[in-house]
Amino acid sequence: MANVVVIGAQWGDEGKGKVTDLLSKSADIVVRYQGGVNAGHTVVVKGQTFKLHLIPSGILYPGTECIIGSGTVIDPEVLLEELDRLDELGISSKNLLISQTAHITMPYHRLIDKASEDRRGSHRIGTTGRGIGPTYADKSERTGIRMLDLLDANGLRESMQWTIAYKNEILDKLYNLPPLDAEAEIDRYLGYADRLRHHVVDASLKIYDAVRKRRNILFEGAQGTLLDLDHGTYPYVTSSNPVAGGACVGAGVGPTIIDRVIGVAKAYTTRVGEGPFPTEMQDGIGTVLCDRGAEFGTTTGRQRRCGWFDAVIGRYAVRINGMDCLAITKLDVLDTLEEIKVCVAYEIDGQRCQDFPTNARQFARCKPIYESLSGWKRSTEECRSLEDLPKEALNYLKFLAELMEVPIAIVSLGASRDQTIIVEDPIHGPKRALLDSNGQPVSKSA
Ligand code: IMP
């Protein structure tokens, strides 16, 4: 048994939804620990596509308990739409639990998110416009409204009257926007409370109970390492902590209960929103990656920026997350390419640099130093074991494992559950995968 954290090793959209879905089969509990409806996890099961923003992908397994932890921010309107959609598809959400201390995204958060982005002009972050930053800002400012407040009708009325009056001043004076109707919003949120009430619990207590019973817990990260508020490419980041350490704070558990950290990375790199991206290719192969990889955001539909795999940020993600192994996704997107490049280091002001520069201005000046590998020019979509892969594809994976100094446990070759090579089960297998950190195959008996 193992308690495992799944994190994104790049700028989000790495395919964590599929990996979490695969691992959820072995998990008793799946916990979302940060972020809100800015996330979008797409899972394809038996040809049906599920788009989840808040509810952990584990909901697709009837026996798995799913918890939305304290570190998340919850937009009840979107959550209820998601629950309705699952219901239409015949998927039960009776196993969904929501932390009573998670903060709630209110209508003024969305308005302020969009208005402040407009006001920033060329300094905009390129947010999803879902009110995420303003919700976390209120949490830090201690003016936020939490799930437990939603359940107390009188308390909610009082808090919302006060906050809406305060936010209306900001909407009017700063952004020249019309005020919100406090009474109408209070009634709307009281309606949400009625529908969500029976899901709300003390999540940390539930999780601790599961820890004591030695149940398998999967902590599902959203966004990615480079979007982390503390460790990402600030200010072009989200407002929470997608890194593995965020799982402890966001779920309400101590670090000693985490057994493993699995990083998910695409076989190339994408980014949505503003901010530096050294390996970005705006046309040519960038367009091929975008088309073949269907690189459009699940939440906003925005086209993602595409580029070669960047092993500098990869190594940084290994370090910041204490990553044990990697899941490489979308390898099949590279199937048609003659030559594949990997960024192995940066050049900054004439100097070679192997380590990710946390100084944003320096990062913006980084030029990628590439190594080239041969492409395989053959479809890998039907491959189900490492032996099935063309030798060039295997070389590519070994090269990535070597550069990142971490073994590869899972390779994904398409959106469906079966388009996967499980090199080694990261939950049940030994704490090492078959491709070791030097990219060498390790025999099972070793
Ligand atoms: P916010 O989280 O909406 O405030 O957006 C801040 C930055 O994070 C923007 O660059 C977004 O595009 C990016 N972002 C937020 N959530 C995701 C995600 O799930 N995938 C990829 N990028 C995201």
Side-chain angles (χ1 to χ4, degrees), residues 6-20 32-43 51-57 68 71-75 78 82 103 105-106 108-120 122-140 220-243 246 250 264-266 268-277 280 290 293-307 313 317 329-330 360 363-364:
V6 176
I7 56 95
Q10 295 160 323
W11 276 285
D13 308 317
E14 298 91 350
K16 294 178 295 296
K18 173 173 169 178
V19 173
T20 310
R32 230 337 258 280
Y33 59 86
Q34 46 70 227
V37 298
N38 48 351
H41 289 170
T42 306
V43 187
K51 288 189 175 172
L52 298 167
H53 297 285
L54 257 176
I55 301 179
S57 333
I68 303 179
T72 62
V73 289
I74 296 176
D75 186 328
V78 180
E82 230 163 273
H103 280 248
T105 297
M106 303 301 260
Y108 45 79
H109 290 136
R110 277 184 180 242
L111 293 170
I112 291 173
D113 190 2
K114 287 186 185 137
S116 70
E117 277 282 273
D118 287 346
R119 208 183 160 98
R120 279 168 178 264
S122 62
H123 295 287
R124 71 183 176 278
I125 309 292
T127 72
T128 59
R130 298 295 191 266
I132 304 300
T135 314
Y136 280 112
D138 277 4
K139 175 177 176 174
S140 298
E220 175 183 10
Q223 289 86 43
T225 304
L226 276 298
L227 288 175
D228 186 273
L229 181 60
D230 289 88
H231 303 288
T233 46
Y234 191 91
Y236 301 103
V237 292
T238 191
S239 300
S240 64
N241 291 107
V243 296
V264 184
K266 262 180 207 168
Y268 50 99
T269 313
T270 62
R271 171 163 211 180
V272 211
E274 307 301 316
F277 178 2
E280 179 173 17
C290 182
E295 295 297 354
F296 295 90
T298 313
T299 303
T300 58
R302 287 183 292 177
Q303 184 169 334
R304 297 177 186 141
R305 301 155 66 192
C306 295
I313 66 166
T329 62
K330 291 193 152 184
F363 186 56

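As the structure lists them, so they are numbered: ligands from 1, and atoms in each ligand from 1. Numbering of residues begins at 1 and proceeds along the displayed sequence.
At least one heavy atom of A39 sits closer than 4.0 Å to an atom of ligand 1. Contact analysis leaves R271 out of contact with ligand 1, as no non-hydrogen atom separation drops below 4.0 angstrom. Under a 4.0 angstrom heavy-atom cut-off, T300 registers as lying outside contact with ligand 1.
In plain terms, the two heavy atoms of A9 and A317 that are nearest each other are O-CB, 3.4 Å. What you find for A39 and A222 is that their closest heavy atoms are CB-CB, 3.8 Å.
The pair K330-E295 meets the salt-bridge criterion, since a charged nitrogen lies less than 4.0 angstrom from a carboxylate oxygen. Ionic pairing of R271 and E280 is not present here: no N-O contact between side-chain nitrogen and carboxylate oxygen is shorter than 4.0 angstrom.
With a 4.0 Å heavy-atom cut-off, ligand 1 is reached by the backbone of V272 and by its side chain too. If you look at Y236 next to ligand 1, there are no close heavy atoms at all, none under 4.0 Å.
Taken from OG1 in T269 to CD1 in I313, the straight-line distance is 5.0 Å, to the nearest 0.5 Å. Rounding to the nearest 0.5 angstrom, the gap separating the NE2 atom in H53 from the NE2 atom in H41 is 10.0 Å.
Counting the atoms of ligand 1 from 1 in the order shown, those under 4.0 Å from a heavy atom of G126 are 9 (C), 10 (O), 11 (C), 12 (O). Listed by number with element, the atoms of ligand 1 under 4.0 Å from a non-hydrogen atom of W11 are 21 (C), 22 (N). Every atom of ligand 1 is numbered from 1 in the order shown, and the set under 4.0 Å from a heavy atom of Q223 is 15 (C), 16 (N), 17 (C), 18 (C), 19 (O). Near V237, meaning under 4.0 Å from one of its heavy atoms, ligand 1 places the atoms 6 (C), 7 (C).
Ligand 1 has no nitrogen or oxygen under 3.5 angstrom from a nitrogen or oxygen of E274. In terms of N/O distances under 3.5 Å, ligand 1 is not approached by R130. For ligand 1, the polar-atom distance check finds no N/O of I132 at less than 3.5 Å from any of the ligand's N/O atoms. Considering both main-chain and side-chain atoms, T127 never comes within under 3.5 Å of ligand 1 through any nitrogen or oxygen pair. An N or O contact shorter than 3.5 Å is missing between S239 and ligand 1 by distance. Between T238 and ligand 1, an N or O atom pair is found at a separation short of 3.5 Å.
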Might you work through the side chain to side chain contact (heavy atoms under 4.5 Å, CB included) test for Q223 and D228, ending with a clear yes or no?
CA-CA 8 Å; Q223 289 86 43; D228 186 273; over 6 Å; no

One pair to check against side chain to side chain contact (heavy atoms under 4.5 Å, CB included): T329 and K18. What are the steps and the verdict?
CA-CA 9 Å; T329 62; K18 173 173 169 178; over 6 Å; no

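N38 pairs with exactly one of T128, D75, T238 by the side-chain hydrogen bond (donor to acceptor under 3.5 Å, both in side chains) rule, that one being T238.
Nearest protein neighbour of atom 20 (N) of ligand 1, counting heavy atoms only, is D13 OD1, 3.0 Å. The single protein non-hydrogen atom nearest to atom 12 (O) of ligand 1 is R302 NH2, 2.9 Å, given as residue, atom name and distance. Here the protein heavy atom with the shortest distance to atom 3 (O) of ligand 1 is T128 OG1, 2.6 Å. Of all protein heavy atoms, the one closest to atom 14 (N) of ligand 1 is L227 CD1, 3.7 Å.
A donor-acceptor contact closer than 3.5 angstrom links the side chains of T127 and D113. A donor-acceptor contact closer than 3.5 angstrom links the side chains of H109 and D138.
A donor-acceptor contact shorter than 3.5 Å is absent between the side chain of R304 and the backbone of D13.
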